[in-house]
Amino acid sequence: MASTTNVWKARSAALAGAAMSHAAGLMRNWDTQANYMLTRPTNEWSFVNMNTYFPSATVRRGAHTEPLPERAAAMDWRGLADFHERTFTTAFLVLHRGALVHESYPGLFAGRERRFQLFSLSKSVLSLLVGAAVQSGLLHDLADPVIRYLPGLKGSAYEGPTVDDLLTMSSGVGGAEDWSDPASSINQFSGTIFAGGSLHDMARSATRAAAPGTTFNYSTLDAQVLGWVVEAATGCTLAEYASRALWSRIGADRDAYYWLTRSRPHTAVGAASLNATARDVARLGLLMSRHGRVGDARVLPADWIPRCRGAAAPHLAVGALGPSGRPHYGYANLWWTLGGEHEAFTGIGIYGQYLYVDPAADVVIVKLSAWPRPDDDDLDRETIGAFEALVRGFDTTDREDGR
């Protein structure tokens, strides 16, 4: 046992040392650096040290930390070890009826105090910021045109879409996000960030592919523009507003942070750059399973959680998203929806980041990962299948308990 521990420590130290050395050095170009950061096994270190690579802005927690109640659950967790190995899990938390019933950190550099890169799970957190801004009256109406808040986008393809169109990825702006295509919009977006270009210029030059509100097209640029809407509506940076609206209210364990663009003026990548502890991500899920409330205080509008469980528009229904989505998902309010009797929904980030919420079963699952590739249909299907199996297990034990 001692020799195994020593080998693990030596491997960890060697990999961390190599990662820190490369991060501190100057890379020749953005794609070399991006490839290094995102490739296994280095990505397991990178995903808990993103502020080594980029400037960052702190999302400050409040003065009071709210402990997560813990209790044992009548579940057999032993089968999860193989699942974690197959799906490259770094952190895994399960809450049932508001209590933490399982917590593990299989990742080499993971732990309770570590802040994990959430990638596009940041979009679902952005949905909460929009909801909070609506609840406080700072954002007037989701039917408002984007240019009401961002007049600098007049004359661009973003003149026409509404705030709600951005929330449903239905702006009609831009093309498909394909990580395997170097010319795709997502690779242009990433290249702009790494190379120090302007995301504002990218938004102003984007072209329209469909009429607003008619077609789903998963768009990181849409979410980035929505983050700017939040900043304009609230008069705060995204980090400042996330602190005011969420982190200071959910009883967070640690400050979170957004990493920022390298170009000046620095701007938060609200579509993809939030970093937080797994426990604090679980607290966000608890906010969702508690219908937008923290205790007696309403943080999100009463209709916000129902909006996240499914959209009325046919093009957003489960199975109707087209090539920009997967067949087992719909989309609503910057969350992937699953339909069915429970109407569960999940936030998802590339490389396997998940915040899964089933309000009907009162289950929240956080899975953070370091997949070898940004997208993987097989790993996604296995992950969602595992979540649904866990929920069925809780349903069975609840029935046996007469609940």
*Asks:* Is the shortest side-chain N to carboxylate O distance from D280 to R254 below 4.0 Å?
*Replies:*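 Between R254 and D280 there is no salt bridge, as every charged N stays at least 4.0 Å from the carboxylate O atoms.
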
*Asks:* Donor-acceptor pairs are to be reported for all side-chain atoms of residues 341-350 against protein atoms at under 3.5 Å, with residues two or more places apart or in another chain.
*Replies:*
unit_1	atom_1	unit_2	atom_2	d
H342	ND1	D358	OD1	3.2
H342	ND1	D358	OD2	2.7
T346	OG1	L355	O	3.2

*Asks:* Using a strict threshold of under 4.0 Å (side-chain N to carboxylate O), is an ion pair present between D377 and R326?
*Replies:*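 Result for this pair is yes, salt bridge flagged.
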
*Asks:* Between W336 and Y218, is the ring centre distance below 6.0 Å?
*Replies:*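 Ring-ring flag for W336/Y218: true, centres closer than 6.0 Å.
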
*Asks:* With a 4.0 Å cut-off on N to O distance, would you call R60 and E240 a salt bridge?
*Replies:*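 No, this pair does not count.
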
*Asks:* Distance-only, no hydrogens or angles: does the S170 side chain make a donor-acceptor pair with backbone N or O of D165 under 3.5 Å?
*Replies:*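 Not at all, since once roles are kept as given, no pair shorter than 3.5 Å links the two residues.
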
*Asks:* For F47 and F109, I'd like to know if the aromatic rings sit close, meaning centre-to-centre distance below 6.0 Å.
*Replies:*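 Not close enough - the centres of the two rings lie 6.0 Å or further apart.
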
*Asks:* Please check this pair: side chain of S248 against backbone of R244, looking for a donor-acceptor N/O pair closer than 3.5 Å.
*Replies:*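 The answer is yes, because a donor-acceptor pair under 3.5 Å joins these two groups.
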
*Asks:* Heavy atoms, side chains only, cut-off 4.5 Å: are Q353 and K367 in contact?
*Replies:*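 Contact flag for Q353/K367 side chains = no.
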
*Asks:* Do the non-hydrogen side-chain atoms of Y241 and V230 ever get within less than 4.5 Å of each other?
*Replies:*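 Yes, close enough: below the 4.5 Å cut-off.
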
*Asks:* Return the set of residues passing ring pair (Phe, Tyr, Trp, His ring centres under 6.0 Å) with H84 (not counting sequence neighbours), or none when no residue passes.
*Replies:*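 Result, ring pair (Phe, Tyr, Trp, His ring centres under 6.0 Å) vs H84: F92.
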
*Asks:* Quick check: does any side chain N or O of D376 sit under 3.5 Å from a backbone N or O of L379, one acting as donor and the other as acceptor?
*Replies:*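 Here the side-chain-to-backbone pair exists.
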
*Asks:* Is any side-chain heavy atom of L390 less than 4.5 Å from a side-chain heavy atom of H96?
*Replies:*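 A side-chain contact is absent here, since even the closest heavy-atom pair is not under 4.5 Å.
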
*Asks:* I'd like to check the ring pair (Phe, Tyr, Trp, His ring centres under 6.0 Å) partners of Y149; sequence neighbours left out, ordered by chain and number.
*Replies:*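 Scan of Y149 (ring pair (Phe, Tyr, Trp, His ring centres under 6.0 Å), adjacent residues dropped) gives none.
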
*Asks:* Y351 and F119: aromatic ring centres closer than 6.0 Å?
*Replies:*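 When the ring centroids of Y351 and F119 are compared, they turn out to be within the sub-6.0 Å range.
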
*Asks:* Between D144 and D141, is there a donor-acceptor pair closer than 3.5 Å when you use the side chain of the first and the backbone of the second?
*Replies:*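 Present.
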
*Asks:* Spell out, as yes or no, whether a donor-acceptor pair under 3.5 Å connects the side chain of R115 to the backbone of D255.
*Replies:*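 Yes: the side chain of R115 pairs with the backbone of D255.
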
*Asks:* Does the separation of the ring centres of H291 and W304 fall below 6.0 angstrom?
*Replies:*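 Centroid separation for H291 and W304: 6.0 Å or greater.
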
*Asks:* Are the side chain of S171 and the backbone N or O of L166 linked by a donor-acceptor pair below 3.5 Å?
*Replies:*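 No; judged by distance alone, with no hydrogens or angles, the pair does not exist.
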
*Asks:* Closer than 3.5 angstrom, by distance alone: can the side chain of T42 be matched with the main-chain N or O of L38 as a donor-acceptor pair?
*Replies:*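 Not a single qualifying donor-acceptor pair exists.
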
*Asks:* For the side-chain contact (heavy atoms from CB on, under 4.5 Å) test, which of L238, V59, T237 pairs with S243?
*Replies:*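 Answer after filtering L238, V59, T237: V59.
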
*Asks:* Would you call E66 and R283 a salt bridge, taking side-chain N to carboxylate O under 4.0 Å as the test?
*Replies:*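 No, E66 and R283 are not salt-bridged.
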
*Asks:* Closer than 4.0 angstrom, basic N to acidic O: yes or no for D303 and R307?
*Replies:*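 Judged by the 4.0 Å cut-off on N to carboxylate O distance, D303 and R307 do not form a salt bridge.
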
*Asks:* Taking the inter-plane angle between the rings of F54 and F194 on a 0 to 90° scale, is it parallel (under 30°), tilted (30 to 60°) or perpendicular (over 60°)?
*Replies:*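 Rings of F54 and F194: perpendicular, over 60°.
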
*Asks:* Are the side chain of N217 and the backbone of G175 linked by a donor-acceptor contact shorter than 3.5 Å?
*Replies:*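 Yes, N217 side chain to G175 backbone: donor-acceptor pair under 3.5 Å.
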
